[in-house]
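Since the model is a prediction, treat every value here as computed from it, not as a measurement. Lettering of chains follows the sequences in order, A, B, ..., and the numbering in each one begins at 1.
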Protein chains: 2
Amino acid sequence: MLNASDILRGYTDTIILAQLSKGDSYGYVISRSVLEASGGELQLKEATLYTTFRRLEAAGMIESYWGDEQAGARRRYYRLTEAGRRLYEENKADWRRYRAMISALFGMEE
Amino acid sequence: MLNASDILRGYTDTIILAQLSKGDSYGYVISRSVLEASGGELQLKEATLYTTFRRLEAAGMIESYWGDEQAGARRRYYRLTEAGRRLYEENKADWRRYRAMISALFGMEE
DNA sequence: CCGAGATACATTGACAGGAGAGGTATTGCG
DNA sequence: CGCAATACCTCTCCTGTCAATGTATCTCGG
(Lines give C-alpha, C1' and ligand atoms only; values in the text may rest on other atoms or scores of the structure.)
Protein backbone atom coordinates (compact mmCIF):
# COMPACT_ATOMS: atom_id res chain seq x y z
CA MET A 1 0.00 0.00 0.00
CA LEU A 2 1.01 3.57 -0.58
CA ASN A 3 3.36 2.53 -3.33
CA ALA A 4 5.24 5.00 -5.46
CA SER A 5 2.98 4.53 -8.48
CA ASP A 6 -0.06 5.81 -6.68
CA ILE A 7 1.82 8.67 -5.09
CA LEU A 8 3.34 9.61 -8.40
CA ARG A 9 0.03 9.82 -10.18
CA GLY A 10 -0.77 13.45 -10.67
CA TYR A 11 2.78 14.63 -10.12
CA THR A 12 4.69 13.43 -13.16
CA ASP A 13 3.37 16.25 -15.31
CA THR A 14 4.62 18.90 -12.93
CA ILE A 15 7.92 17.11 -12.37
CA ILE A 16 8.58 17.24 -16.10
CA LEU A 17 7.37 20.82 -16.40
CA ALA A 18 9.78 21.73 -13.59
CA GLN A 19 12.70 20.13 -15.42
CA LEU A 20 11.83 21.95 -18.64
CA SER A 21 11.45 25.26 -16.82
CA LYS A 22 15.22 25.17 -16.42
CA GLY A 23 15.72 24.87 -20.17
CA ASP A 24 15.03 22.56 -23.09
CA SER A 25 15.91 18.95 -22.49
CA TYR A 26 15.20 15.42 -23.64
CA GLY A 27 13.84 12.20 -22.18
CA TYR A 28 16.95 10.40 -21.15
CA VAL A 29 18.48 13.38 -19.38
CA ILE A 30 15.23 14.36 -17.68
CA SER A 31 14.93 10.84 -16.36
CA ARG A 32 18.45 11.08 -14.94
CA SER A 33 17.88 14.52 -13.45
CA VAL A 34 14.75 13.37 -11.68
CA LEU A 35 16.55 10.37 -10.25
CA GLU A 36 19.30 12.62 -8.98
CA ALA A 37 17.01 15.39 -7.71
CA SER A 38 15.06 12.82 -5.72
CA GLY A 39 18.17 11.46 -4.11
CA GLY A 40 17.84 8.23 -6.05
CA GLU A 41 14.36 7.62 -4.68
CA LEU A 42 12.27 8.25 -7.75
CA GLN A 43 12.87 6.48 -11.03
CA LEU A 44 10.47 7.75 -13.70
CA LYS A 45 9.80 4.67 -15.80
CA GLU A 46 10.34 5.10 -19.52
CA ALA A 47 6.79 4.17 -20.43
CA THR A 48 5.52 6.78 -17.99
CA LEU A 49 7.96 9.37 -19.21
CA TYR A 50 7.08 9.08 -22.88
CA THR A 51 3.32 8.84 -22.39
CA THR A 52 3.57 11.96 -20.28
CA PHE A 53 5.43 13.77 -23.05
CA ARG A 54 2.66 12.79 -25.48
CA ARG A 55 -0.01 13.97 -23.09
CA LEU A 56 1.64 17.31 -22.38
CA GLU A 57 2.37 17.94 -26.03
CA ALA A 58 -1.22 17.11 -27.05
CA ALA A 59 -2.37 19.59 -24.42
CA GLY A 60 -0.09 22.26 -25.83
CA MET A 61 2.02 22.51 -22.70
CA ILE A 62 5.25 21.48 -24.39
CA GLU A 63 6.65 21.35 -27.93
CA SER A 64 9.24 18.97 -29.33
CA TYR A 65 11.94 19.06 -31.98
CA TRP A 66 14.69 16.74 -33.08
CA GLY A 67 18.21 17.68 -32.13
CA ASP A 68 20.91 17.61 -34.80
CA GLU A 69 23.33 15.19 -33.23
CA GLN A 70 26.45 14.60 -35.31
CA ALA A 71 27.00 11.33 -33.53
CA GLY A 72 25.13 9.06 -31.17
CA ALA A 73 21.46 8.27 -30.96
CA ARG A 74 18.95 10.91 -32.04
CA ARG A 75 17.37 13.01 -29.33
CA ARG A 76 13.92 14.53 -29.21
CA TYR A 77 14.10 17.78 -27.30
CA TYR A 78 11.18 19.35 -25.46
CA ARG A 79 10.47 22.99 -24.77
CA LEU A 80 7.92 24.61 -22.43
CA THR A 81 5.21 26.68 -24.11
CA GLU A 82 3.75 29.76 -22.47
CA ALA A 83 0.71 27.72 -21.44
CA GLY A 84 3.07 25.13 -20.02
CA ARG A 85 4.83 27.73 -17.94
CA ARG A 86 1.55 29.01 -16.57
CA LEU A 87 0.44 25.46 -15.78
CA TYR A 88 3.69 24.88 -13.97
CA GLU A 89 3.11 27.90 -11.75
CA GLU A 90 -0.49 26.90 -11.10
CA ASN A 91 0.50 23.37 -10.19
CA LYS A 92 3.10 24.62 -7.75
CA ALA A 93 0.52 26.83 -6.09
CA ASP A 94 -1.93 23.91 -5.99
CA TRP A 95 0.71 21.71 -4.43
CA ARG A 96 1.23 24.17 -1.59
CA ARG A 97 -2.45 23.93 -0.78
CA TYR A 98 -2.73 20.17 -1.24
CA ARG A 99 0.38 19.58 0.79
CA ALA A 100 -1.05 21.44 3.76
CA MET A 101 -4.44 19.83 3.32
CA ILE A 102 -3.12 16.29 3.17
CA SER A 103 -0.90 16.84 6.17
CA ALA A 104 -3.91 18.09 8.10
CA LEU A 105 -6.01 15.12 6.99
CA PHE A 106 -3.26 12.76 8.04
CA GLY A 107 -3.42 14.25 11.50
CA MET A 108 -0.03 15.91 11.26
CA GLU A 109 0.90 19.34 12.49
CA GLU A 110 2.60 20.11 9.15
CA MET B 1 -4.80 18.53 -15.49
CA LEU B 2 -3.78 17.87 -11.95
CA ASN B 3 -7.33 17.18 -10.89
CA ALA B 4 -8.28 16.16 -7.39
CA SER B 5 -8.79 12.50 -8.34
CA ASP B 6 -5.19 12.04 -9.29
CA ILE B 7 -3.93 13.87 -6.24
CA LEU B 8 -6.18 11.82 -4.02
CA ARG B 9 -4.98 8.53 -5.36
CA GLY B 10 -2.82 6.88 -2.78
CA TYR B 11 -4.01 9.07 0.06
CA THR B 12 -7.57 7.92 0.73
CA ASP B 13 -6.39 4.91 2.69
CA THR B 14 -4.35 7.01 5.07
CA ILE B 15 -7.05 9.66 5.37
CA ILE B 16 -9.46 7.01 6.57
CA LEU B 17 -6.90 5.38 8.83
CA ALA B 18 -6.29 8.82 10.37
CA GLN B 19 -9.98 9.27 11.07
CA LEU B 20 -10.25 5.85 12.68
CA SER B 21 -7.13 6.43 14.76
CA LYS B 22 -9.26 8.88 16.74
CA GLY B 23 -11.83 6.19 17.51
CA ASP B 24 -14.34 3.91 15.83
CA SER B 25 -16.58 5.59 13.31
CA TYR B 26 -18.75 4.97 10.28
CA GLY B 27 -18.93 6.03 6.67
CA TYR B 28 -21.25 8.94 6.75
CA VAL B 29 -19.54 10.64 9.69
CA ILE B 30 -16.05 10.01 8.31
CA SER B 31 -17.10 11.60 5.06
CA ARG B 32 -18.31 14.66 6.97
CA SER B 33 -15.19 14.84 9.12
CA VAL B 34 -12.93 14.76 6.10
CA LEU B 35 -14.92 17.51 4.44
CA GLU B 36 -14.60 19.62 7.57
CA ALA B 37 -10.94 18.81 8.25
CA SER B 38 -10.07 19.84 4.70
CA GLY B 39 -11.84 23.16 5.06
CA GLY B 40 -14.52 22.04 2.65
CA GLU B 41 -11.98 21.32 -0.06
CA LEU B 42 -12.09 17.56 -0.16
CA GLN B 43 -15.30 15.62 -0.61
CA LEU B 44 -14.61 11.89 -0.46
CA LYS B 45 -17.07 10.42 -2.93
CA GLU B 46 -19.23 7.63 -1.58
CA ALA B 47 -18.04 5.12 -4.15
CA THR B 48 -14.47 5.90 -3.18
CA LEU B 49 -15.23 5.73 0.51
CA TYR B 50 -16.88 2.34 0.45
CA THR B 51 -14.47 0.71 -1.94
CA THR B 52 -11.68 1.91 0.32
CA PHE B 53 -13.37 0.35 3.35
CA ARG B 54 -13.59 -2.96 1.47
CA ARG B 55 -9.95 -2.75 0.45
CA LEU B 56 -8.70 -1.92 3.93
CA GLU B 57 -10.84 -4.60 5.54
CA ALA B 58 -9.68 -7.24 3.05
CA ALA B 59 -6.11 -6.26 3.90
CA GLY B 60 -6.79 -6.67 7.60
CA MET B 61 -6.21 -3.00 8.39
CA ILE B 62 -9.71 -2.35 9.72
CA GLU B 63 -12.61 -4.41 11.07
CA SER B 64 -16.30 -3.64 10.88
CA TYR B 65 -19.38 -4.32 12.98
CA TRP B 66 -22.97 -3.20 12.86
CA GLY B 67 -24.06 -0.66 15.45
CA ASP B 68 -27.23 -1.35 17.41
CA GLU B 69 -29.21 1.75 16.54
CA GLN B 70 -32.63 1.89 18.20
CA ALA B 71 -33.79 4.30 15.52
CA GLY B 72 -32.60 5.63 12.22
CA ALA B 73 -30.64 3.95 9.47
CA ARG B 74 -28.24 1.16 10.35
CA ARG B 75 -24.59 2.06 10.66
CA ARG B 76 -21.57 -0.08 9.93
CA TYR B 77 -18.79 0.93 12.27
CA TYR B 78 -15.11 0.48 11.54
CA ARG B 79 -12.25 -0.08 13.93
CA LEU B 80 -8.49 0.07 13.34
CA THR B 81 -6.61 -3.20 13.82
CA GLU B 82 -3.08 -3.31 15.17
CA ALA B 83 -1.78 -3.76 11.61
CA GLY B 84 -3.88 -0.79 10.58
CA ARG B 85 -2.35 1.35 13.27
CA ARG B 86 1.14 0.38 12.18
CA LEU B 87 0.28 1.10 8.56
CA TYR B 88 -1.03 4.49 9.57
CA GLU B 89 2.27 5.35 11.25
CA GLU B 90 4.29 4.07 8.30
CA ASN B 91 2.21 6.04 5.84
CA LYS B 92 2.68 9.22 7.83
CA ALA B 93 6.43 8.68 7.85
CA ASP B 94 6.36 7.98 4.11
CA TRP B 95 4.38 11.14 3.54
CA ARG B 96 7.02 13.24 5.29
CA ARG B 97 9.60 11.87 2.86
CA TYR B 98 7.43 12.11 -0.25
CA ARG B 99 6.33 15.60 0.64
CA ALA B 100 9.90 16.83 0.80
CA MET B 101 10.86 14.92 -2.33
CA ILE B 102 7.98 16.23 -4.42
CA SER B 103 8.62 19.79 -3.28
CA ALA B 104 12.23 19.40 -4.33
CA LEU B 105 11.25 17.93 -7.70
CA PHE B 106 8.83 20.78 -8.25
CA GLY B 107 11.72 23.16 -7.80
CA MET B 108 10.42 24.55 -4.52
CA GLU B 109 12.47 25.36 -1.47
CA GLU B 110 9.97 23.43 0.69
C1' DC C 1 36.41 -7.12 -34.61
C1' DC C 2 32.98 -8.70 -31.54
C1' DG C 3 30.01 -8.52 -27.59
C1' DA C 4 28.32 -5.96 -23.72
C1' DG C 5 26.64 -1.97 -21.79
C1' DA C 6 25.28 2.73 -22.11
C1' DT C 7 22.64 6.03 -24.67
C1' DA C 8 18.10 7.09 -26.68
C1' DC C 9 13.35 6.57 -28.26
C1' DA C 10 8.78 4.21 -28.62
C1' DT C 11 4.44 1.21 -28.10
C1' DT C 12 1.18 -2.38 -26.35
C1' DG C 13 -1.48 -4.39 -22.94
C1' DA C 14 -2.61 -5.04 -18.12
C1' DC C 15 -3.76 -3.20 -13.71
C1' DA C 16 -5.77 -0.48 -10.04
C1' DG C 17 -7.93 3.41 -7.75
C1' DG C 18 -11.37 7.17 -8.11
C1' DA C 19 -15.93 8.45 -9.29
C1' DG C 20 -20.47 8.97 -12.00
C1' DA C 21 -24.71 7.03 -11.86
C1' DG C 22 -27.78 4.25 -10.02
C1' DG C 23 -29.96 1.63 -6.21
C1' DT C 24 -32.10 0.55 -1.14
C1' DA C 25 -34.03 1.86 3.49
C1' DT C 26 -35.30 4.82 7.64
C1' DT C 27 -36.67 9.02 10.04
C1' DG C 28 -38.67 13.54 10.73
C1' DC C 29 -40.71 17.74 9.31
C1' DG C 30 -43.94 20.86 6.99
C1' DC D 1 -47.76 12.69 1.70
C1' DG D 2 -43.48 14.35 -0.30
C1' DC D 3 -38.97 15.76 0.46
C1' DA D 4 -34.55 16.19 2.73
C1' DA D 5 -31.29 14.12 5.57
C1' DT D 6 -29.17 10.03 7.20
C1' DA D 7 -26.90 5.76 5.83
C1' DC D 8 -25.33 2.05 3.02
C1' DC D 9 -23.87 -0.30 -1.46
C1' DT D 10 -22.23 -1.63 -6.33
C1' DC D 11 -21.59 -1.58 -11.49
C1' DT D 12 -19.03 0.34 -14.90
C1' DC D 13 -15.96 3.50 -16.98
C1' DC D 14 -11.77 6.38 -17.18
C1' DT D 15 -7.07 7.36 -16.80
C1' DG D 16 -2.19 7.24 -15.33
C1' DT D 17 1.54 4.01 -14.31
C1' DC D 18 4.38 0.31 -15.67
C1' DA D 19 6.17 -4.40 -17.25
C1' DA D 20 7.55 -6.14 -21.33
C1' DT D 21 9.25 -5.66 -25.63
C1' DG D 22 11.30 -3.61 -29.64
C1' DT D 23 14.49 -0.47 -32.37
C1' DA D 24 19.11 1.87 -33.31
C1' DT D 25 23.75 3.97 -32.28
C1' DC D 26 28.13 4.44 -29.92
C1' DT D 27 32.08 3.13 -26.88
C1' DC D 28 35.21 0.28 -24.75
C1' DG D 29 37.55 -3.90 -23.25
C1' DG D 30 39.39 -8.16 -24.65
Are OP1 or OP2 of [N] and a side-chain N or O of [X] less than 4.0 angstrom apart?
X: A:Arg32; N: C:dA8; answer: no
X: B:Tyr50; N: D:dC9; answer: no
X: B:Tyr26; N: D:dC8; answer: no
X: B:Arg75; N: D:dA7; answer: yes

message = Checking A:Arg76 now: which residues fulfil side-chain hydrogen bond (donor to acceptor under 3.5 Å, both in side chains) with it, not counting sequence neighbours?
response = A:Ser64
request  = Tell me, please, which residues at least two apart from A:Glu63 pass side-chain hydrogen bond (donor to acceptor under 3.5 Å, both in side chains).
outcome  =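 Testing A:Glu63 for side-chain hydrogen bond (donor to acceptor under 3.5 Å, both in side chains), a comparison that skips the adjacent residues, returns A:Arg79.
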Atom [atom1] of [X] and atom [atom2] of [N]: how far apart are they, to the nearest Å?
X: B:Leu49; N: D:dC9; atom1: CG; atom2: P; value: 10 Å
X: B:Phe53; N: D:dC8; atom1: CZ; atom2: P; value: 8 Å
X: B:Leu35; N: D:dA5; atom1: CG; atom2: P; value: 14 Å
X: A:Arg54; N: C:dT12; atom1: CZ; atom2: P; value: 11 Å
X: A:Ile7; N: D:dG16; atom1: CD1; atom2: P; value: 17 Å
X: B:Tyr28; N: D:dC9; atom1: OH; atom2: P; value: 15 Å
X: A:Trp66; N: C:dT7; atom1: CH2; atom2: C1'; value: 13 Å

task = Please give the angle, rounded to 10 degrees, between the axes at the start and the end of the helix from C:dC1-D:dG30 to C:dG30-D:dC1, where five pairs define each axis.
result = 10°
ask   = In the 5'-to-3' direction, what one-character label does each nucleotide of nucleotides 17-30 of chain C receive under the scheme B = base within less than 4.0 Å of a protein heavy atom, S = sugar-phosphate only, - = no such atom?
value = BSBB-----SS---
Taking side-chain contact (heavy atoms from CB on, under 4.5 Å) as the definition, give me every residue that meets it alongside [X], ordered by chain and number, with sequence neighbours left out.
X: A:Ser21; answer: A:Leu80, A:Arg85, A:Tyr88
X: B:Thr52; answer: B:Thr12, B:Asp13, B:Ile16, B:Thr48, B:Arg55, B:Leu56
X: B:Glu89; answer: B:Lys92

message = If you apply the rule salt bridge (charged side-chain N to carboxylate O under 4.0 Å, His left out), what do you find for A:Arg9 with A:Asp6, and how did you get there?
response = CA-CA 5 Å; A:Arg9 195 174 176 121; A:Asp6 288 332; over 6 Å; no
Minimum-distance pair of heavy atoms, taken over all atoms of B:Leu44 and B:Ser31 =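 The pair with the smallest heavy-atom distance is O-OG, 4.2 Å.
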inquiry  = Running the 4.5 Å side-chain criterion over Ile, Leu, Val, Met, Phe, Trp and Tyr, what cluster does B:Val29 land in, apart from itself?
reply    =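 Answer for B:Val29: B:Tyr26, B:Tyr28, B:Tyr65, B:Tyr77.
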Would you tabulate the side-chain donor-acceptor contacts of residues 99-108 of chain B under 3.5 Å, counting partners in other chains and residues two or more places apart, or write 'none'?
{"residue": "B:Arg99", "atom": "NH1", "partner": "A:Ser103", "partner atom": "OG", "Å": "2.8"}
{"residue": "B:Ser103", "atom": "OG", "partner": "A:Trp95", "partner atom": "NE1", "Å": "3.0"}
{"residue": "B:Ser103", "atom": "OG", "partner": "A:Arg99", "partner atom": "NH1", "Å": "2.8"}
{"residue": "B:Ser103", "atom": "OG", "partner": "B:Arg99", "partner atom": "O", "Å": "3.0"}

